[in-house]
Structure formats: structure tokens, C-alpha cells
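What follows is a single structure, and I will ask about it in a moment.
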Amino acid sequence: MDARAKTGVSIRSAAKRYGPVIALDDVSLDIEPGEFVSLLGPSGSGKTTLLGILGGFVQPSSGSVWVGERDITFAPPHKRNIGIVFQNYALFPHMTVGENVAFPLRARRDPKAGWAAKVADALAMVELSGYEARGISQLSGGQRQRVALARAMVFEPQLILMDEPLSALDKQLRETMQIELRRLHRKLGATIVYVTHDQREALTMSDRVAVLKNGKLVQIDTPERLYDRPCDAFVASFIGEATLLHVSRAGDDAVRLGDAVLRTAHPLPRGERLLLAVQTEKLVIDAGPAEPAANRLSCRVTEVLYQGESLRVFATLADGTSISLRQPGNHNARSRIPSPGEQMTVVLDPQDTIVVPA
Ligand SMILES: Nc1ncnc2c1ncn2[C@@H]1O[C@H](COP(=O)(O)OP(=O)(O)OP(=O)(O)O)[C@@H](O)[C@H]1O
Ligand SMILES: [Mg+2]
């Protein structure tokens, strides 16, 4: 397992064209050994294409793929030592769990004498010890998912690729599996590239998240950086629950929103067309003497929605601009619950005052 822990993956200027369609447009990406990287983006943004180039199912029109020091751009899939979990698991329904998990060993002509032990190890890893003789149809969705994982890991690949592996599961199982996958990743130390269009899943699981749009890599960063410092309006609107508001430049480190001037702790982007990107929970209802440096906005509450763990509050600024914020729903919290029609002041820290090009 040590060898694979040292293997990183590099994609250099990869592009893929299908006739006039540019599925992937000059994407470069270095993935550290043992890293968990998610590819996040809307439908058609190129996630599966990029994963296919890594796995060897898709030939890039240009560019190259490297695993460690090895150029694998034109190596066939079975020569890549890469484990793959497809979106629909792609288990063989007529085979038992044990036969499914042993399949990659058979395909790689691994000595048969070792199969049983390797299959047992892989099943133990996903907490399915003793399930070898079960039929696939006798498993729950989450168990099938884990069989697919065991099959991807049984030959100890350096790199595991997963294409929306949890998309077919219900919310609860999905969240359990997210935590389990994360745990498994730590245990294995393998490099994982994980495709999802669910931003929350990407933030939960990944060391870094690569955001794709129209075949281009827009931003790659840690979940915290991506959430706190989106590079553009697309990333800001795709991650979390951000509101985007048109603002104008008001000096080197401030913008004007309606009547208010908001200071930012970050350099402003070039250009005149600017947007303030603010996550709902970063706007805080002013509860008295706050930081003198904090930005303040006066607004009138228009609607308060109870959503269990939190309240979503909608309000309008003096010029009619709508804003929205989240308050903890816990009655014991010291926050006050506003009511519609009420005038209030909300506070935004200059650190959280994120301005992106419009
Ligand atoms: N074999 C193909 N022939 C022609 N166009 C293709 C082919 N495969 C993908 N495309 C196009 O390339 C673009 C990227 O597709 P891709 O499957 O990588 O998207 P994706 O991000 O995985 O989307 P989804 O979330 O819907 O799975 C899309 O516009 C798609 O229509
Ligand atoms: Mg896809």
C-alpha cells in the first residue's frame, strides 16, 4: 500500500473535442498522492470526460496524463492500475458478491490461489465480511455501493475514480456513505478522484474541489477557500447559498450597495461591473455594539421561514434590493427572531465581503 500512497496524478493541458463540441477545454490539474479531489460542476461541464481521460476510456484530443513519472495518456484502462466505481455501480447481476469483487483479479490474471484472501480483505474494508455467496439482488442499495467499492479496491490500485457513486441513494444513506467513504480514504491512503454535481457532498468529502464549467476548470481549492473566496460569480452561485448583488466601486477597498458603503478585506477585481457574493449565514443581525470595522446594512424584514435547524430571513434594503440571511433556529441561541415588517441592521465582516467580477 506504500507504493500507491506515493503516486500523484497530473493532467496537462487536456482537451477533448467531439466534432464541434468542446467537452474539455485545456484543463491542467495536479493531484497530490493520497489526495481526495472532487470534480464539481453542472451537467455537461466535462466531469465524466475528465474522469474518462484519467481512466483511459476517453482519448484526449490533446494534452497528457501522468501517474507519478509515467505518461499514461495512451495506456489502455486495464494497464493503468486504476480502480473505478461507475455511477450505477455496474455490478454483474448474475454473479455473487464474491465473484463480482474477484472480477478485476481475474481480468488482471492475478494468481488464483490468492483471490479468496484478497476478496475477503476488500469486503472487510467495506464492512461486508462473509457476504461472498450473496446474490447482488439480495443486497440493499448501500450494500451494492460497498460491493462496487470493494471491487474497485481489491487489486490495490494507486488511484480510484468514482463517478457520482452515491447519486442513486436516498439522502440518509448518502450521508452515511459520505462519512464512510471519507473514513475509507483515510484508511487506504489511495488517491481518489470523485465526480459529483452536489456541492455539499464535494465540500464534505474532499481535500480539494475542482469546479468545472463548459469544459473549463474554473477554480480548484480547499472546501474552505472555495466557500470563503470564490473566484467568480459562477463559483459563488454554485457553492453554498450565496446571494449576488450588483455593487459599484467606492475606492480601493470598498464598494457601494445602494446607500451603504461596504469595506472589503480583499483586493477588488478589475473592471467596473462588480458583484457582492454573500453567503446567507455571513450576514448577522446586529445585536448591539459590534466590531466598529464591520459593515452595516439597514433593511426591512419581508419574510421569515422556519426551516428546522435554522430560519431563513428575507429583507429589503432602502433601494429595494433583496437580501437573505440565515439565523440559528435554536430558541436557546442568543439571536433574536425578527418579524416581518421590522426594521433591522445586519452586519457583514469585511473578511466576508467578497466581490467578484460581474
Ligand atoms: N461521445 C460523445 N459525443 C459527443 N459529445 C459528447 C460525448 N460525450 C460527452 N459529450 C459532450 O461533452 C460535454 C461534457 O460531457 P460530460 O459527460 O463530460 O459532462 P458531465 O459533466 O459528466 O455531465 P453530467 O453531470 O450530466 O454527467 C457535454 O456537452 C456532452 O454532451
Ligand atoms: Mg457525467
Side-chain angles (χ1 to χ4, degrees), residues 9-31 35-65 72-77 80 82-91 141 144-145 148-149 151-152 159-171 173-175 177-178 181 191-206 208-221 223 226 230-240:
V9 186
S10 293
I11 298 145
R12 298 188 191 155
S13 302
K16 180 65 184 176
R17 285 179 293 278
Y18 293 104
V21 177
I22 299 174
L24 207 64
D25 191 358
D26 193 20
V27 168
S28 293
L29 185 59
D30 285 318
I31 299 169
E35 205 178 12
F36 194 123
V37 171
S38 288
L39 307 180
L40 176 69
S43 185
S45 57
K47 306 181 296 292
T48 298
T49 304
L50 183 51
L51 208 69
I53 288 175
L54 282 170
F57 306 105
V58 175
Q59 293 272 298
S61 309
S62 56
S64 58
V65 185
I72 59 160
T73 313
F74 299 105
R80 294 192 176 201
I82 292 175
I84 298 170
V85 183
F86 295 98
Q87 178 164 0
N88 52 6
Y89 321 153
L91 295 173
R144 286 178 204 193
Q145 177 56 54
L149 278 172
R151 189 178 61 179
L159 173 63
I160 304 178
L161 308 178
M162 303 189 192
D163 197 348
E164 307 239 14
L166 309 183
S167 60
L169 306 181
D170 64 48
K171 184 168 178 286
L173 185 54
R174 202 181 156 110
E175 285 172 3
M177 286 300 300
Q178 287 172 0
L181 270 179
T191 308
I192 295 184
V193 183
Y194 187 97
V195 166
T196 180
H197 61 259
D198 178 343
Q199 52 97 11
R200 202 178 165 82
E201 183 165 287
L203 297 180
T204 304
M205 306 192 60
S206 320
R208 285 189 301 161
V209 180
V211 181
L212 293 168
K213 178 193 178 190
N214 295 337
K216 284 199 163 69
L217 178 62
V218 186
Q219 184 171 4
I220 176 161
D221 253 318
L226 206 63
C231 72
D232 69 6
F234 173 77
V235 177
S237 62
F238 204 69
I239 305 284

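Residues take their numbers from the sequence shown, with the count starting at 1. Numbering of ligands and ligand atoms starts at 1, following listing order.
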Would you check whether His197 has a nitrogen or oxygen atom less than 3.5 angstrom from a nitrogen or oxygen atom of ligand 1? no
Give yes if a backbone or side-chain nitrogen or oxygen of Gly41 is under 3.5 Å from a nitrogen or oxygen of ligand 1, and no if not. no
Is atom 23 (O) of ligand 1 close to the protein, meaning a heavy atom under 4.0 Å from it? yes
Taking N or O atoms only and a 3.5 Å limit, does Val21 qualify as a polar contact for ligand 1? no
Quick one: which ligand 1 atoms are inside 4.0 Å of a heavy atom on Pro42? 21 (O)
Would a distance-only check, ignoring hydrogens and angles, find a side-chain to backbone donor-acceptor pair under 3.5 Å from Ser237 to Phe234? yes
Students should be able to answer this: which protein heavy-atom is nearest to atom 25 (O) of ligand 1, and at what distance? Lys47 NZ, 2.7 Å
Can you name the closest pair of heavy atoms from Asp30 and Arg208 and give their distance? O-NH2, 2.7 Å
When you measure from atom 26 (O) of ligand 1 to every protein heavy atom, which one gives the shortest distance, and what is it? Ser43 OG, 2.5 Å
Do you know the tightest heavy-atom contact between Leu40 and His197? CD1-C, 3.7 Å
Is Met177 close to Leu149 at the side-chain level, that is, under 4.5 Å between some pair of heavy atoms? yes
Which protein heavy atom lies closest to atom 17 (O) of ligand 1, and at what distance to 0.1 Å? Thr48 CB, 3.7 Å
For atom 18 (O) of ligand 1, the protein heavy atom that lies nearest, with its residue and separation: Thr49 OG1, 2.5 Å
Atom 9 (C) of ligand 1 has as its nearest protein heavy atom Tyr18 CE1, 3.6 Å
Any idea which protein heavy atom is nearest atom 14 (C) of ligand 1, and the distance to it? Gly44 O, 3.4 Å
Which atoms form the tightest heavy-atom contact between Leu212 and Val218, and what is the distance? C-CG2, 4.3 Å
Closest non-hydrogen contact found for Pro42 with Phe238 is N-CZ, 3.7 Å
Any non-hydrogen protein atom less than 4.0 Å away from atom 6 (C) of ligand 1: yes
Single hit among Leu181, Leu39, Leu161 for side chain to side chain contact (heavy atoms under 4.5 Å, CB included) with Tyr194: Leu181
Ser43 near the Mg ion (ligand 2) via N/O/S, less than 2.8 Å: no
Please list the nearest protein heavy atom to atom 12 (O) of ligand 1 with its residue and the distance rounded to 0.1 Å. Ala23 CB, 3.1 Å
Using side chain to side chain contact (heavy atoms under 4.5 Å, CB included) as the criterion, point out the one residue from Thr73, Thr48, Val58 that pairs with Ile53. Val58
What distance separates Ser61 OG from Lys16 NZ, expressed to the nearest 0.5 Å? 4.5 Å
